Amino acid sequence: MKHSDIAYFGIRHHGPGSAESLVQALQELRPVAVLIEGPSDASALLPLLARPEMQPPVALLCYPEDDPASTSFWPFAEFSPEYQAVLWAVGNKAALRFIDLPSSARSPAEPIDAAENTDAAEASEAGDDEDPHRRDPIGTLAHAAGYEDGESWWSDIVEQNPEPGPIFAAIADAMTTLREGEGSIARFEARREAHMRLEIAAARKEFEGPIAVVCGAWHVPALQAAHVQKADQALLKGIARRKSTMTWAPWTGPRLASGLGYGAGVVAPGWCKHLWRTRGRHDGATLWLAMIAAVLREKGHLISTASLIEAERLARTLAAIRERPKPGFEELRDASVAALFNGEALLWALVEAELLLGADVGEIPPDTPLAPLIEDLQRNQKAARLKPEALERELSVDLRSESGLFRSTLLHRLSVLGVHWGKLTDAGRSRGTFRERWTLAWEPEYAVRLVENLVYGPTIEKAANGRLIQMIGAAATLDTLAALVQGAITADLSEASSAGLVALEARAAHSSECLEILASVPPLADIIRYGEARKTETHRLSGLMERLIVEAAIALPYAVRDLDQQAAASLVGALRKADEAIRLIEPGDDVLNGWRDGLAAVLDGPRSTALLAGCAAHLLYEAGQLSAEAAAGLLGRRLSPGTPVIEAAGFFEGFFSSAGQRLIYDEGLRGAVDAWLKSLDEEAFVAHLPLLRRVFSNLDSMERRRLIEAVLGRAARLPAGLTPAPDGGEAWRRHLERLGPLLIVGGNG
């Protein structure tokens with residue numbers, strides 16, 4: 001373990017057993033200086049970790065001032081050996097510094113996750129994909145010891161070993177054996193180790209007394225080995241250095257998990273925290289089972305004390321069978337499934353995330369120097385009384401209250417910056433009311449995202465304005481512009497709103513693409529119709545909106561001609577949404593009549609695609625421009641035997657795809673459809689079953705049953721003047737023998 005007066009401690013990042021053994025070793029060694037693997041230019045920030053107000057998990061963020069997007073981060077948890085080393089050094093007045101390459105020497109191409117793992121992450125960074133030892137050194141040792149994976153081996157030997165003994169010497173010997181005969185390593189990896197050796201040599205000259213070096217276990221042999229300083233200096237020559245900014249940011253427990261993409265992560269951060277907090281105790285398994293029971297009881301499950309006793313007994317038996325020193329979370333999980341979940345492994349999912357990942361969100365001292373956007377976010381979070389949490393929670397806001405509007409505005413501005421802390425559970429419906437429902441869940445990379453957005457401004461409002469203005473300038477279509485303007489107004493970004501309106505008016509003046517115009521109508525209609533909720537001035541938009549409606553009505557009869565299936569389906573969707581939006585804002589009679597004239601021209605056009613003609617007929621029918629009797633007659637003609645089956649099917653789908661309910665109440669429409677179905681031969685009928693299923697899938701189960709009853713003659717009498725179904729509904733009875741199961745069981749298939 002020692003090389004002269006230097007003690008090397010090879011640890012596993014975020015390993016609670018490593019942390020416990022390290023604290024014991026430091027207490028015995030009493031070093032005058034503690035050197036830690038980490039960016040050397042951030043050493044001045046290390047003592048902040050020991051502040052009482054600093055509550056891990058937290059992460060060190062470093063980014064070049066000229067390129068904030070190239071942010072690197074180093075997370076620290078309560079159970080991280082490096083964090084405990086910092087606490088020991090500060091508490092014992094030892095010198096404290098990082099010794100790895102400075103953050104400014106890491107190019108944007110280097111991994112953003114700079115705190116590499118002892119095994120797979122470091123190996124992949126080294127770039128030697130052919131060497132299995134480098135790819136997974138812990139796995140190599142585990143297989144040699146008869147284990148299936150490195151996680152279990154490390155847990156038994158280090159994390160849960162009740163008598164670790166000279167564990168660091170053993171780890172160093174094992175890594176030395178693995179690295180014997182090692183050829184050349186990746187240049188970045190070699191530079192890292194060269195820089196750490198030089199920093200250790202400088203510390204040896206500076207300090208009198210023992211020095212502790214805390215680093216990933218894989219590096220220990222390279223740092224202990226004798227190297228010529230001039231060779232290390234030559235290796236580092238020419239490294240580009242940029243001025244960097246560094247700060248601390250809150251992190252979350254779940255983002256310490258390897259399963260969520262963190263290379264140096266652990267499988268179960270919640271379990272690691274539990275191991276750390278119950279170190280030295282013999283009832284760790286009992287307490288873990290008590291936590292499982294508490295979570296289950298909170299979710300309404302009955303858990304008896306007898307079941308818990310049986311689960312613990314089973315866990316200890318499993319550990320003995322598997323030759324493990326004590327039950328790990330795998331044994332406790334398996335025992336819980338057997339004793340608490342009646343063997344239903346799926347029920348484990350109820351507690352897995354909460355227990356194994358945890359829900360911790362770190363906190364940093366209020367006077368910590370922060371990146372401007374992170375600092376502004378914390379001010380806004382405090383003002384909004386919203387605390388970041390790792391697990392999802394629901395939030396309902398009332399836009400009529402000042403506090404609700406403030407919360408909504410903040411969340412919308414963050415979304416503009418790509419920080420989706422809050423997600424609208426129903427964006428379309430929420431925009432159309434005075435209430436919004438959000439799902440909140442904080443992810444630690446949002447801090448990195450904020451740093452990346454510093455190029456747009458130092459506050460949330462300015463950065464969101466800047467980013468939206470850039471997006472508006474790059475928008476290529478009218479509907480994209482309309483959506484961006486809607487976002488700007490929703491987020492109360494006046495500069496972006498003004499820029500967006502100018503661009504929107506200019507684009508609208510030159511746009512003749514019907515689909516583009518139609519798609520721009522709904523977002524603008526939302527602003528006009530519900531602008532009062534956000535105190536939005538809508539006068540300027542109203543005139544633009546009416547102009548777009550008129551232009552769409554003029555372009556529509558030409559846009560629907562001779563379309564293929566995909567183009568027709570896209571236009572139908574845009575047409576329905578635009579019509580719904582137009583009915584919501586209730587424009588002037590001239591504009592509304594012009595729109596309906598456009599729909600009538602689509603219906604009557606000889607070259608109109610049948611799907612769109614049917615859609616136009618339905619919209620006119622719903623608007624009262626087409627009577628029930630006229631609609632029945634129209635369907636009779638368009639679905640007559642003389643019409644090609646493909647065109648008849650298209651018209652049928654266009655009319656009924658969102659109006660299947662009409663068949664329940666309108667026997668005249670049913671009669672026209674009945675006559676068409678009756679005219680189909682068996683092969684054509686079978687071929688059109690998917691179409692019928694799509695139409696009827698929009699009906700709920702009650703509506704489908706009522707349609708069957710109506711067809712079978714148990715519906716109410718028709719109002720006077722409507723045409724009864726041909727054959728007294730006999731053909732429908734025949735069709736329903738085949739369609740009945742589809743109507744009742746088909747659902748939304």
Side-chain angles (χ1 to χ4, degrees), residues 1-38 76-77 79-89 92 94 96-100 115-119 122 133 136-142 144-145 147 150-151 153-180 192-193 196-197 199-200 203-204 207 209-226 264 266 272 275-276 279-280 325:
M1 180 175 66
K2 289 190 176 181
H3 180 82
S4 184
D5 52 349
I6 309 293
Y8 295 87
F9 300 104
I11 52 88
R12 183 185 186 191
H13 303 294
H14 313 307
S18 289
E20 183 178 4
S21 299
L22 177 62
V23 172
Q24 294 175 7
L26 291 175
Q27 196 64 27
E28 294 174 6
L29 182 66
R30 310 294 298 181
V32 296
V34 177
L35 310 181
I36 300 174
E37 178 189 331
F76 294 83
F79 46 83
S80 300
E82 299 93 332
Y83 174 71
Q84 292 300 324
V86 170
L87 295 186
W88 188 94
N92 290 275
L96 181 63
R97 63 185 58 167
F98 280 136
I99 59 172
D100 204 345
E116 303 85 4
N117 200 348
T118 307
D119 38 55
E122 283 192 353
H133 301 333
D136 186 6
I138 300 301
T140 301
L141 294 174
Y147 283 75
E151 287 286 338
W153 179 84
W154 188 271
S155 177
D156 287 354
I157 300 301
V158 180
E159 307 301 351
Q160 298 193 70
N161 193 335
E163 298 178 1
I167 191 66
F168 293 109
I171 292 172
D173 289 343
M175 294 300 164
T176 300
T177 301
L178 288 177
R179 295 191 68 164
E180 281 180 356
R192 290 186 59 211
E193 293 180 342
M196 287 192 275
R197 285 192 295 267
E199 290 291 315
I200 293 168
R204 172 181 286 166
F207 299 106
I211 297 172
V213 176
V214 180
C215 63
W218 179 257
H219 295 300
V220 171
L223 301 187
Q224 285 180 323
V266 290
C272 290
L275 287 178
W276 174 253
R279 63 192 184 281

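Below, all heavy atoms of this structure are taken into account, side chains as well, without hydrogens, waters or symmetry copies. Keep in mind that this is a model prediction, so the values were computed, not measured.
- A search for side chain to side chain donor-acceptor pair (under 3.5 Å) contacts involving Q84 returns nothing, not counting sequence neighbours.
- The line from CD of E199 to CD of E37 is 13.0 Å long, rounded to the nearest 0.5 Å.
- Distance check: Q24 CD to I167 CD1 gives 11.5 Å after rounding to the nearest 0.5 Å.
- Residues W88 and L26 approach most closely at CZ2-O, 3.3 Å, considering heavy atoms.
- Partners of A89 by side-chain contact (heavy atoms from CB on, under 4.5 Å), not counting sequence neighbours, listed by chain and number: V34, A94, L96.
- With rounding to the nearest 0.5 angstrom, the CG atom of D5 is 12.0 Å from the CZ atom of F207.
- The two residues P210 and R30 make their nearest non-hydrogen contact at CG-O, 3.7 Å.
- No donor-acceptor distance shorter than 3.5 angstrom exists from the side chain of R192 to the backbone of D100, with no hydrogens or angles considered.
- Not a single side-chain contact (heavy atoms from CB on, under 4.5 Å) links D173 to another residue, sequence neighbours left out.
- Under the ring pair (Phe, Tyr, Trp, His ring centres under 6.0 Å) criterion, F79 pairs with no residue, sequence neighbours left out.
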- [ ] Just do the side-chain contact (heavy atoms from CB on, under 4.5 Å) check on W218 and L178 with the steps written out, would you?
- [x] CA-CA 9 Å; W218 179 257; L178 288 177; 4.2 Å; yes

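- G10 and V220 make their closest contact through CA-CG2, 3.5 Å (heavy atoms, listed as atom of the first residue, atom of the second, distance).
- In this structure, OG on S18 lies 9.0 Å from CD on E82, to the nearest 0.5 angstrom.
- Screening V214, L35, V213 for a side-chain contact (heavy atoms from CB on, under 4.5 Å) involving Y8 leaves a single residue, V213.
- Summarising the geometry of V266 relative to H14, their closest heavy-atom pair is CG1-O, 3.4 Å, with the distance given to 0.1 Å.
- Residues P81 and R12 share a closest heavy-atom pair of CG-O, 3.5 Å.
- Qualifying side-chain contact (heavy atoms from CB on, under 4.5 Å) partners for A174, counting only residues two or more places apart in sequence or in other chains: L141.
- Listed by chain and residue number, nothing satisfies the side-chain contact (heavy atoms from CB on, under 4.5 Å) test with E28 (two or more places apart in sequence, or in another chain).
- A212 approaches F9 most closely through the heavy-atom pair CB-CE1, 3.7 Å.
- Atom SG in C215 sits 7.0 Å away from atom CD1 in I200 (nearest 0.5 Å).
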